[in-house]
Amino acid sequence: MKPQNPNIVPTDVYLSFVSSLFGNRSTLLTGVFVHVLTYVIVFLSTGAGIYLGFCLVLAIVFASRIHSFRQFDALDKSALSRADIARWETRYVLGGTASALILGVGSGYAILIVHNPLAEFICVAVTMGSMVSILGRNYGSQKAIDLQTTACCLPIILACLMSGQPYMAIVSIMLVPFGLTTRSMASNLREFLYKNVIASREISLIADRFDTALNNMTHGLFMLDADNRILVVNRKACELLNLTNPEQLRDCDFDVVLRYGVRHASIDGSLPGLIQQQIEQLVDGSLSRTLIELGEDLFLEFSASRRADGIVILTFEDVTARIRAERKILHMVRFDSLTGLPNREYFAELTKEKLAVHVGDGRIGFLVLDVDDFKHVNDFKGHVTGDRLLVAIAARLREAAGDKALCARLVGDQFVLFFPNDDGIRDLDSRIAALHAAMAGTYEVDDHSLRISFSGGYVTMSSCEFRPEEWQIKADLALFDTKLRTKGGCSAFEEEMDARYIERQKLKSDLREVIETGKLHAVYQPMFTPDGRRINCCEALARWVHPEKGPIPPNIFVQIAEEMGIVSGITRFMLNQACRDCAAWPWSLPVSVNLSAQDLRGNDIIAVVTEALEASGLEPSRLHLEVTESCLMDEIATVRSILTDLRAKGVTIAIDDFGTGFSSLSYLDSLPVDIVKIDRSFVHEITGDSRRFKLLCGIADLSRALGLEIVVEGVETPEQLALINGRGLADVIQGYVFSMPVSPARVSEMIDSLDRNRSALRQDIPA
């Protein structure tokens, strides 16, 4: 590190050394004054006029050097090259050496020429004194030290050697080590200063880098002493906490600064107890990390580390974006994305939380709501409208529930409510029923007015009896019971529902097995001409005899099959069986088979019908397919296409239960229909209710005007038959007045019996 060669010294350090040569002009002025005064005294004491000349030369050199100093001051130091700096060093060295040489020559002249003890003493003393100032002023330049020391000492040494006095010669030689010592002292001083300059520069560089790093951190930072006063704070900390300049915060109390910084947040300028406690725990080491909410739009995560000397380093960052993202993700996990209601899992958590703080042993309730016929909304209005309907339902559900119930969306079109009954009312069933009633009504969605009803099932229980795994099962059982009985109702759970449910599930399993193994059987209800002399057609009816429960009514097992989505299996069995049985009957007697709504949702039914006809060899014209009006309501375009294809194969199409559906007459003109079967509800009580009879007449007249064959169902008494025949309302009669459903063999027997009766009747008629 020893800078003996200026070329190895960094340019900025070299410049600082050279600049030091041009500083401290007061010492230069003092030196010139002393030198001139000395030579004036020597002149006055010795009368040697040369010393006046020395005074003049000193004044000229001094003036020249001062002018040079001023020129150096006026320079732009940052623009100086190393060569420029070297030239200024040389310029200074020449001026200094000239002044030193005058002192040395003056001293040598006094020794060698003047021979005046006072003159010799004064000149040598002032010259040696100047040697000290040379060290103090010129340590920055090795050349200045060397040349000025030589200029001062060499004339004295030469004068002493030339004086012929041995002692003076010996003493003068001692100036050599004195000059070398001066030179060494200057080198040591320059090296020391050089080291300090380099160290200072490195410290400054490190400090600058540290300051840059500190103030460009993404984290805020506080360094606190043992008394909780701020030692270091970075710019990010000031930004996050809305503080002033970091320099102004040093030595301030951290708590005071923090209170000041968060004055804009929702904590009214003072730290709440929880935040104050968190900060204290961080500072004393109880916590190493904590999240502090300083208002709704600022979340800071603090971490702390404590050193052995009591200094605490607090770092913190703005985690608002992360917290918002986490909350958004948590909201997505907990809430239904469509309706904004809690989902099933979060509803369970909220229920547990409510029950955890529930006071006493009061009754609580759970209600499950199912939107009736929601599929029709999706099918006829579109899924977008269906989704918006669910949103509207959720909004009304929130409003109806208020603070009395906690609502959520289970799945699809099912919603659930928990009634914590915080106000402890005794008649919780009435509150549940009132909410169920409030949900039904008209919903305005996408310029559509939708009349919506809800099927509900609920369970009430003591809060101490609550079991998370049981309440939904019981509420679902109650909902299931509601749907079995009537849509739009609301049922409370009863213990026997569980047994009925288990029984029904067992029945479902048995029904699936029966359909898969083909263990159903078919019976046939004949349809007669109005005079009862001839069977016009036979309707195939499915029957199931359970090995343990006996005969299961069709309205039960067919409904179960529709719920399970396997009713098409019954249709396939009945088509095959009916076609085989019909093919064995005499004459060209047709058979009629019912189709379900599920059969008409795809084109598979066409292949099933074709296979049944081909396998049995039955003519297509002898097969009648009955379609209920409810089938027509589902995807009318698809149903029309399927019926058209079936009719094109020669199959006859009949509308069953006509008059019980919606907008019935509007379909008769557009669908490929051959027969209308008027529902039994229009025949019931026609003998005692003239309005019903008129309605039956009107339906028959409209159907006949459209050229359709009319079958009247449910004719049970001779009086009903007489009224119908009296007005000629029917082409075919079906009902117990003529026959109950019978076996396939009995159909053949009935045909033979009717044939014999007709033959006998013809024989009795006179020719």
(message) side-chain hydrogen bond (donor to acceptor under 3.5 Å, both in side chains), that's the test. Do E539 and N594 meet it? Break it down for me.
(response) CA-CA 8 Å; E539 181 178 358; N594 289 283; 2.9 Å; yes
(message) Would K381 and D446 count as a side chain to side chain contact (heavy atoms under 4.5 Å, CB included) here? Give the steps.
(response) CA-CA 9 Å; K381 305 298 182 183; D446 291 342; over 6 Å; no
(request) Could you walk me through whether T571 and V608 pass the side chain to side chain contact (heavy atoms under 4.5 Å, CB included) test, one step at a time? (result) CA-CA 9 Å; T571 303; V608 172; 5.7 Å; no
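No more than 12 heavy atoms of other residues, nucleotides or ligands sit less than 6.0 Å from atom CD of E619. For H684, the NE2 atom counts as loosely surrounded, since its 6.0 Å shell holds 12 or fewer non-hydrogen atoms of other residues, nucleotides or ligands. The 12-atom threshold is not exceeded at CD of E399, counting heavy atoms of other residues, nucleotides or ligands nearer than 6.0 Å.
There is no side-chain donor-acceptor pair under 3.5 Å between Q598 and R601. Looking at R363 and T460, their side chains do bring a donor and an acceptor atom within 3.5 Å of each other. For the residue pair T628/D656, the side-chain donor-acceptor check at 3.5 Å is not satisfied. Defined by atom type and a distance below 3.5 Å, a donor-acceptor pair is present between the side-chain atoms of S592 and E626. D372 and S455 are linked by a side-chain donor-acceptor pair at a separation below 3.5 angstrom, with hydrogens and angles left out of the test.
With D370 as the fixed residue, the salt bridge (charged side-chain N to carboxylate O under 4.0 Å, His left out) test singles out one of K487, R409, K483: K483.
In this structure, R431 does not pair ionically with D427, as no charged nitrogen and carboxylate oxygen lie closer than 4.0 Å.
In this structure a side-chain-to-backbone donor-acceptor pair under 3.5 Å is missing from N421 to I364. Under a 3.5 Å cut-off, the side chain of R622 and the backbone N or O of A583 do not form any donor-acceptor pair. For the pair D481 (side chain) and L477 (backbone), a donor-acceptor distance under 3.5 Å is absent. With hydrogens and angles ignored, the 3.5 Å screen pairs no side-chain donor or acceptor of S753 with any backbone N or O of E749.
The aromatic rings of W471 and F366 lie parallel to each other, with less than 30° between the two planes, well short of the 60° mark.
The side-chain heavy atoms of L589 and C538, taken from C-beta on, include a pair separated by under 4.5 Å. Looking at Q720 and V737, their side chains never come closer than 4.5 Å, going by heavy atoms from C-beta outward.
Cation-pi check for R396 over Y443 is met; the charged atom lies under 6.0 angstrom from the ring centroid and within 45 degrees of its normal.
Of all non-hydrogen atoms in S621 and T652, the two that sit nearest each other are O-OG1, 4.0 Å.
The salt bridge (charged side-chain N to carboxylate O under 4.0 Å, His left out) analysis of residues 695-718, with sequence neighbours excluded, yields the pairs K677-E713, R704-D731.
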